[in-house]
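Written out below as structure tokens is the structure these notes cover.
Side-chain atoms are counted along with the backbone in the values below, which use heavy atoms only and exclude waters and symmetry mates.
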Amino acid sequence: MAMIEVDKLNLSFGEGDQANQVLHDVSISVKEGEAFGLVGESGSGKTTVLRCLAGQYNHWSGRLAINGENLGRKLEKARCRKVQMVFQDPYGSLHPRHTVETALTEPLAIHGIGDASRRIDAILTKVGLPTSFRYRYPHQLSGGQRQRVAIARALILEPRILLLDEPTSALDVSVQAEILNLLAELRECEGLTYLLVTHDLGVVAHLCDRVAVMQHGRIVDLIESANLVGCIPEHPYTRMLVEASRHYQRDMADSVAPEAA
């Protein structure tokens with residue numbers, strides 16, 4: 001049985017002649033313990049899929065299911081215990097006037113889970129932060145440390161699924177690998193299932209087992225991540241993304257250099 005099922009998911013914004021359909025019959029299936037990637041250009045609809053699963057959008061049509069149970073349009077506590085989301089910008093997702101302890105205590109209080117102090121110490125240790133960081137504010141942390149706190153906040157409810165919305169794109173290159181390695185370790189140790197949104201095929205190759213390619217709100221390709229390296233995809237859009245990821249640094253340097261001069 002699949003842990004995540006998305007079947008013919010459609011979503012539009014606006015009504016009547018002004019309606020803009022952003023998802024067109026999107027269908028994916030993610031196995032338990034799998035890391036599954038969604039890639040595509042900005043506006044392709046990949047983050048919108050995550051937000052439907054997270055309950056941020058509820059006017060979709062189609063079918064969403066977690067571990068065989070169909071999701072309704074009302075966000076319930078039981079769903080939040082199973083599915084949590086890690087956002088792109090860790091500074092924006094953390095309240096600037098709340099300490100790490102407050103950020104981690106809040107979900108426990110909402111769900112009536114006790115023993116908060118021990119749980120906070122345990123989850124901070126699990127994401128590689130000293131327990132003393134519970135008294136710090138977001139501005140006192142580096143970007144990588146803030147993202148570790150955001151991951152800790154998502155994991156403190158012990159979910160089975162993490163929805164990852166470009167979790168490394170706002171970080172320095174030197175920190176990105178650390179966070180990816182942390183996510184890989186947590187997946188292995190905790191038996192987590194990941195649905196990862198990114199525009200970086202290198203991230204997909206590092207973390208994911210399979211990847212669906214999205215363009216204009218549609219799934220246009222589904223491939224094994226291992227095939228991203230050393231092969232030529234059949235679909236032209238996927239082929240363009242792969243070629244761009246292999247050569248963008250050199251090509252960008254060549255095109256920007258004359259303008260900079």
Side-chain angles (χ1 to χ4, degrees), residues 33 35 37 47 50-51 53-56 75 77-198 200 202-204 206-208:
T47 295
L50 289 196
R51 290 182 174 176
L53 284 164
Q56 295 180 341
L75 184 59
K77 285 186 177 181
R79 179 170 166 185
C80 296
R81 290 290 301 270
K82 296 177 183 176
V83 182
Q84 283 288 309
M85 190 164 176
V86 177
F87 297 92
Q88 179 177 1
D89 179 9
Y91 192 75
S93 68
L94 298 173
H95 197 297
R97 295 186 180 181
H98 287 178
T99 63
V100 170
E101 181 177 61
T102 301
L104 297 179
T105 300
E106 185 177 27
L108 296 174
I110 290 173
H111 290 268
I113 300 172
D115 200 13
S117 183
R118 183 193 63 80
R119 290 177 182 272
I120 290 171
D121 282 349
I123 200 64
L124 287 175
T125 300
K126 192 170 289 186
V127 300
L129 291 175
T131 57
S132 61
F133 275 39
R134 64 191 295 165
Y135 306 112
R136 295 194 181 188
Y137 290 88
H139 72 272
Q140 296 174 313
L141 305 174
S142 68
Q145 290 168 346
R146 286 194 290 265
Q147 193 62 299
R148 288 174 187 267
V149 171
I151 293 169
R153 182 179 58 183
L155 289 178
I156 202 163
L157 292 177
E158 300 180 354
R160 301 182 67 182
I161 296 169
L162 284 190
L163 306 175
L164 304 168
D165 185 11
E166 305 216 31
T168 61
S169 64
L171 305 176
D172 293 340
V173 174
S174 59
V175 182
Q176 290 181 7
E178 295 178 10
I179 297 300
L180 290 175
N181 288 335
L182 172 64
L183 288 169
E185 291 170 7
L186 290 169
R187 174 192 166 203
E188 180 71 22
C189 295
E190 306 297 320
L192 296 167
T193 302
Y194 290 164
L195 183 55
L196 168 74
V197 157
T198 183
D200 189 338
V203 171
V204 169
H206 184 87
L207 193 62
C208 296

Lys/Arg N to Asp/Glu carboxylate O, E178 vs R148, below 4.0 Å: yes
Any side-chain heavy-atom pair from L192 and L183 closer than 4.5 angstrom? no
Euclidean distance, E106 CD relative to E101 CD, rounded to 0.5 Å: 13.0 Å
Given R119 and L104, is the side chain to side chain contact (heavy atoms under 4.5 Å, CB included) satisfied, shown in steps? CA-CA 9 Å; R119 290 177 182 272; L104 297 179; over 6 Å; no
Ignoring hydrogens and angles, state whether a donor on the side chain of T102 or T99 is under 3.5 Å from an acceptor on the partner side chain. yes
Rounded to the nearest 0.5 Å, what separation is found between the CZ atom of R153 and the CD1 atom of I123? 12.5 Å
Going through the distances and angles, do V86 and Q147 end up as a side chain to side chain contact (heavy atoms under 4.5 Å, CB included)? CA-CA 8 Å; V86 177; Q147 193 62 299; 3.7 Å; yes
Shortest non-hydrogen pair, P107 vs I156, comes out as CG-CG2, 3.8 Å
Would you compute the distance between atom CD of Q140 and atom OH of Y135 and round it to the nearest 0.5 angstrom? 13.5 Å
Report yes if the side chains of R51 and L163 come closer than 4.5 Å at any heavy-atom pair, otherwise no. no
Indicate yes or no for a side-chain donor-acceptor contact from Q88 to the backbone of E166 under 3.5 Å, with no hydrogens or angles considered. no
Testing the basics here: between P138 and H95, what is the closest heavy-atom pair and its distance to 0.1 Å? CG-O, 3.4 Å
When rounded to the nearest 0.5 angstrom, what is the spacing between CG in D200 and NE2 in H206? 11.0 Å
Sidechain-backbone polar pair: R79 side chain, L53 backbone, donor-acceptor under 3.5 Å: yes
Is the backbone N or O of S174 less than 3.5 Å from a side-chain atom of D172, with the two atoms forming a donor-acceptor pair by type? no
In Å, rounded to the nearest 0.5 Å, how long is the span from CD of Q145 to CD1 of I179? 9.5 Å
Step by step, would you call R81 with I113 a side chain to side chain contact (heavy atoms under 4.5 Å, CB included)? CA-CA 11 Å; R81 290 290 301 270; I113 300 172; 3.7 Å; yes
What closest approach, in Å, do Y137 and P96 show between heavy atoms, and which atom pair accounts for it? CD2-O, 3.8 Å
Is there a side-chain contact between L108 and D115 (heavy atoms, below 4.5 Å)? no
Stepwise side chain to side chain contact (heavy atoms under 4.5 Å, CB included) check, I161 with L195: CA-CA 8 Å; I161 296 169; L195 183 55; 5.6 Å; no
May I ask you to decide if L186's main-chain N or O and K126's side chain share a donor-acceptor pair within less than 3.5 Å? no
So, for L141 and F133, which heavy atoms are closest and what is the spacing to 0.1 Å? CD2-CD2, 3.6 Å
For the residue pair R134 and D121, establish whether any side-chain heavy-atom pair is separated by less than 4.5 Å. yes
Can you check whether L196 reaches P167 side chain to side chain, under 4.5 Å on heavy atoms? yes
Shortest non-hydrogen contact between P90 and L171, atoms and distance: CG-CD2, 4.4 Å
Quick one: CG on L180 to CG on L207, what's the gap to the nearest 0.5 Å? 6.0 Å
Taking the side chain as C-beta and beyond, is there a heavy-atom pair between S169 and T198 under 4.5 Å? no
So which heavy atom on L124 is nearest to which on T131, and how close? CD1-O, 3.9 Å
